A.B. asks: 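I am attaching a structure below and will ask some questions about it afterwards.
Keep in mind that this is a model prediction, so the values were computed, not measured.
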2 protein chains.
Amino acid sequence: MPHQPERKTFIQNLRDHGQRVTPERLALFDEIFAQHRHIDAEELLTSLLAKGHRISRATVYRNLDLMVDSGLVRKVRLGQRRFHFEHIHPGQNHDHLVCSECDRVVEFVSPAISAMQREICRAHGFSPDHHQFQILGLCHDCLEKGAVPSGT
Amino acid sequence: MPHQPERKTFIQNLRDHGQRVTPERLALFDEIFAQHRHIDAEELLTSLLAKGHRISRATVYRNLDLMVDSGLVRKVRLGQRRFHFEHIHPGQNHDHLVCSECDRVVEFVSPAISAMQREICRAHGFSPDHHQFQILGLCHDCLEKGAVPSGT
DNA sequence: CGCCTATTGCGACGGATTCTCAATAGATAA
DNA sequence: TTATCTATTGAGAATCCGTCGCAATAGGCG
């Protein structure tokens, strides 16, 4: 259990809000925090069921929203149909390179982005919560396989 | 018709691919290129019908995809349920501030972003086609109305 | 242990998009 | 111009993702 402290926070959070600590919630939490990267609701459901947990689709969705509200998880649209979810590692926010050929997603961290974000928001009287930055294009592998750089 | 050259390119593109030039395609093309900003499929359908065109929902969707494939139009998710579409103005790409309270979208242009994009891609052996950058937060108006800055 | 009520599971529902298929109509050649 | 070939269209069914309603279940507290 490499995410013990976050798990404790999660449980404490639930208690503080009069919410119950259920096995479904813990299983879902563990599953998300075990993931190195973003994952969608359907994949979460499938892998929980595969591990023998009994949990319904609705519960997965409901609790994902709950974790998003409590700031533990981020819900992102990477341009695909489904929402993806990823646990937040505080102070370390990353963005994504998305390959339009093979759908592979690579994370990157760029400290310059938050400075830029602050600047843009100041100029527009906007109070930022978070951002999403995706660069779409071709990954190294697909380039070598001879994929064509877009448009046509 | 302020987008005459793009229109010619579109028609040429169709011909080159053995695709037909239909009134539905032209009407849809004109509608998107008349828009200053992103618009979704439903809005496009509605405004085409309002202008007296006869066109079906399926045709709108089909041809939006066609224009995306041919590089004339970009399909973006701004976090809302629907995809949005915007025509590409070459060499001028903008990004979005999205208010999570009222869903208002403001565009901004930041030249620094493309430099950053180039840098990141170089480091990852990635060949960028385009990016999407959204900053989610509260717009000026919602802040004044006393909306709470997220998380909880 | 027992109660109160938050949470769950199931299945129905809803919105957005895609698909199916028969009818229509561009494009090409004669 | 007309005939022919087949891409495209319209209409509605189907699908996919996510949400909702409600009865049954089960945390958490006294």
A.B. asks: Please state whether the rings of B/F29 and B/F33 are parallel, tilted or perpendicular, taking 30° and 60° as the class boundaries.
C.D. replies: parallel
A.B. asks: Looking only at heavy atoms, which two atoms of A/R82 and A/R77 are closest? And how far apart?
C.D. replies: C-NH1, 4.1 Å
A.B. asks: I need the residues from residues 55-63 of chain A with at least one non-hydrogen atom less than 4.0 Å from DNA chain D; give them sorted by number, or say none.
C.D. replies: A/A58, A/Y61, A/R62
A.B. asks: Considering heavy-atom distances to DNA chain C, does B/T22 or B/D65 have its closest nucleotide positioned more toward the 5' end?
C.D. replies: B/D65
A.B. asks: Starting at the 5' end of DNA chain D and moving along, which residue's nearest nucleotide shows up first, B/L14 or A/P23?
C.D. replies: B/L14
A.B. asks: Counting the atoms with a prime plus P, OP1 and OP2 as sugar-phosphate, which does B/E42 contact under 4.0 Å by heavy atoms, base, sugar-phosphate, or nothing?
C.D. replies: nothing
A.B. asks: Output the rounded distance in Å from CZ (A/R82) to C1' (C/dT17).
C.D. replies: 14 Å
A.B. asks: Regarding A/H53 and A/E31, is there a side-chain donor-to-acceptor distance under 3.5 Å anywhere?
C.D. replies: no
A.B. asks: For DNA chain C, whose closest nucleotide is more 5', that of B/V21 or that of B/D40?
C.D. replies: B/D40
A.B. asks: Below 30° counts as parallel, above 60° as perpendicular, anything between as tilted: where do the rings of A/F133 and B/F133 land?
C.D. replies: tilted
A.B. asks: Of all heavy-atom pairs between A/K75 and A/Q132, which one has the smallest distance, and what is that distance?
C.D. replies: O-NE2, 3.7 Å
A.B. asks: Within this structure, what is the NE2-to-P distance between A/H17 and C/dT5, rounded to whole angstrom?
C.D. replies: 20 Å
A.B. asks: Quick check: any donor-acceptor pair below 3.5 Å linking the side-chain of B/R25 to the base of D/dT8?
C.D. replies: no
A.B. asks: Could you state the CZ-P distance from A/R54 to C/dG9, rounded to the nearest angstrom?
C.D. replies: 7 Å
A.B. asks: Tell me: CG of A/L64 to P of C/dT7, nearest whole Å?
C.D. replies: 15 Å
A.B. asks: Tell me the interatomic distance from B/F83, atom CZ, to D/dC17, atom P, rounded to whole angstroms.
C.D. replies: 11 Å
A.B. asks: For B/Q19 and D/dC5, give me the distance from atom CD to atom C1', rounded to whole Å.
C.D. replies: 17 Å
A.B. asks: Does the gap between the ring centers of A/H87 and A/H3 come in under 6.0 Å?
C.D. replies: no
A.B. asks: Can you check the A/L48 CG to C/dG9 P distance for me, whole Å?
C.D. replies: 11 Å
A.B. asks: Using a strict threshold of under 4.0 Å (side-chain N to carboxylate O), is an ion pair present between B/E24 and B/R54?
C.D. replies: no
A.B. asks: Have a look at B/E24 and say if it touches a base, only the backbone sugar-phosphate, or nothing, with a 4.0 Å heavy-atom cut-off.
C.D. replies: sugar-phosphate
A.B. asks: Counting only side-chain heavy atoms from C-beta out, which of D/dT8, D/dC16, D/dA26 sits nearest to A/R81?
C.D. replies: D/dC16
A.B. asks: What is the distance, rounded to the nearest whole Å, between atom CZ of B/R20 and atom C1' of C/dA23?
C.D. replies: 13 Å
